[in-house]
Number of protein chains: 2
Amino acid sequence: MKVLVAGVGGMGTRFALCLAHTGNDVAVADGWQDRLSYLKKDGLKAKFNGQEVQVRVPAYAQTKVPTDQHFDVVLFLCKSMQLDQMVQDVLPAFDDDTFALCLMNGVGHEKTLAKYVDPDRVLLGNTMWTAQMTRPDHVFLGDDGSCELGSPNGNPDAQEMAKQVVEVFSQAGLKAHYLDNPRYSVFRKGCVNGTLNTLCTLLECNLTEYSQTPGAHDMVVKIVDEFAAVGEKEGVNLDRQEVVDHVEASYNVIGDHYPSMYQDLIKNNRVTEIDYMNGYVSTHGHKYGLATPYCDLLTDLVHAKESVRHANRS
Amino acid sequence: MKVLVAGVGGMGTRFALCLAHTGNDVAVADGWQDRLSYLKKDGLKAKFNGQEVQVRVPAYAQTKVPTDQHFDVVLFLCKSMQLDQMVQDVLPAFDDDTFALCLMNGVGHEKTLAKYVDPDRVLLGNTMWTAQMTRPDHVFLGDDGSCELGSPNGNPDAQEMAKQVVEVFSQAGLKAHYLDNPRYSVFRKGCVNGTLNTLCTLLECNLTEYSQTPGAHDMVVKIVDEFAAVGEKEGVNLDRQEVVDHVEASYNVIGDHYPSMYQDLIKNNRVTEIDYMNGYVSTHGHKYGLATPYCDLLTDLVHAKESVRHANRS
């Protein structure tokens, strides 16, 4: 399969590496100049399950993607706030039969893609893999994971393509699963991020520490309720109890984990993806006439914390 | 005037010192053993407007107050969570005509006093003075301030006594003002604490830094709304716009100030008085059937931060 990975931070590197290793035709695109010069010079470099690996692939500035490559899939793995610009920039790489696939954290990305790409050619999903950029030229890839994807609007051709992608990704070791209803899955993952990412960032703690706070359960329940109310307005009917259980199950599995938002803001002093998590629920709740006070306040608090810490926007 | 100061941290020391300096008959009571032995040995010691001062006054363990002293006023200036026990402990020092006066931060303290003391003998108010314990034997007293008090239930004898206290306190340099409706004033001050104390503690910032965050105004408005809604159920009808303006006016006056709750939790790693600020609105909102999501979440978040930091309860 011919794949352009748009956004080659930690996660983009994982997917590009795995796909290239198993014989797929992979190229990468990014907007970060430092990163790009290393990619052009040395290719993808990572510590992958304990071993240093290096794979050379074509690397393009996102504003200078090739127009003659007939990619089967453009896989988006940039930061949420970069997605709109990224889609516009890499659009010249699309043929009529190229699919856009988004596996990024955050709710509502299929709407951003559909602004520029035929919704029948949009695939959507989640990844539970981890990845960490250690330097502009190096990525750390440990832990086990999986990913899942499908067609958000149920188009039969897109569903067929999603199944092919699942097969190719699984052959590449990415443990992919097919989803009939990827938007359900995205909202469900959004609940994990909108609770644990957000709260662990505000409180500067890991999952176990959060789980031991006296109001931990109540906060999770209230936040999941707001995600579910907004989801219902968008045709996604979350099983609230199952989602709360799912969020809380992670305490035992990855209790010592500091979520990615914590790493962005507390460790690396970068702005967060809050607008695509609780912020999505807040703005869309208002649009639908729903009260979403927990997500409103949490969004304001995370932005306030970014402001107080003078977090980097780049 | 014969006054027992119950709780001799920073603020209690300020009031005891000023009253003793101007010839009042002052004694102090506290439950902190370390503090008490210094008080017994050296008296009250403070850096007071740039000068080191020292005044000897009778100092008692709060469980061993004298029963034969005929105090005119017992002035409560302990931490909110210590008040209930403190009232019970110093009750033997009360005569039939002793008044209880509470100038502590927090909403609802008059209810705690009225559990043990005739409500007609309860006085209530606020202090805008600052005070800081530097060591168990020493207090730093700078800045200008004022205080205000009255009878929460409008009893004429209590109002008369409140006016006498105002005069004595003002002679002592404490810039006291008489209040017809001290509960209004307590709720209004509660709004300052429930916004700026709470938010600056969660965000670990001073007032100016908070004021520059993008959601600063919205958060203040929402929190004041919840205080006002609960106040209305208790016969206190806040002027919401005036209160919001009052909160925001402090950005320019004491912008570099880190509120007392910040000092408690972030600087001294002690548990906070959140249950007597947003927590009061949260628990009483539920009691009155009001939605108070901002105060609910903020109370949970501050308790969570106490938990994550293993804040000291003593």
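Bear in mind that the values here come from a model prediction, so they are computed numbers and not experimental data. Chain A is the first sequence line, chain B the second, and so forth, proteins listed ahead of strands; every chain is numbered from 1.
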Top of L203(B), T213(B), L297(B) for chain A proximity - count of heavy-atom pairs under 4.5 angstrom: L297(B)
query: Okay, side chain of N278(A), backbone of G194(A): is any donor-acceptor separation there less than 3.5 Å?
result: yes
query: Considering residues, nucleotides and ligands other than K47(B), do more than 12 of their heavy atoms fall under 6.0 Å from its NZ?
result: no
query: Which of residues 224-240 of chain A have a heavy atom under 4.5 Å from any heavy atom of chain B?
result: none
- line: Under 4.5 Å to a heavy atom of chain A? For D296(B) that would be both
message: Is there a salt bridge (Lys or Arg N to Asp or Glu O under 4.0 Å) between K115(B) and E110(B)? Walk through the geometry before answering.
response: CA-CA 9 Å; K115(B) 284 165 69 179; E110(B) 75 280 9; over 6 Å; no
query: How long is the gap from CD on Q263(B) to NE2 on H257(B), to the nearest 0.5 Å?
result: 6.0 Å
task: With a 4.5 Å cut-off on heavy-atom pairs, point out which of G215(B), A304(B), P214(B) contacts chain A the most.
output: A304(B)
field: Side-chain (D89(B)) to main-chain (Q62(B)) donor-acceptor, under 3.5 angstrom
entry: no
query: Any sub-3.5 Å donor-acceptor pair from Q212(A)'s side-chain atoms to E209(A)'s backbone N or O?
result: no
- prompt: Counting only N and O atoms by type, is there a donor-acceptor contact under 3.5 Å from the side chain of N193(A) to the main-chain atoms of T198(A)?
  reply: no
Part of E306(A) within contact of chain B (heavy atom distance under 4.5 Å): neither
message: Between E242(B) and R188(B) (salt bridge meaning N to carboxylate O under 4.0 Å), is one present in this structure?
response: yes
- line: Applying a strict 4.5 Å limit to non-hydrogen atoms, the region of L199(A) in contact with chain B is side chain
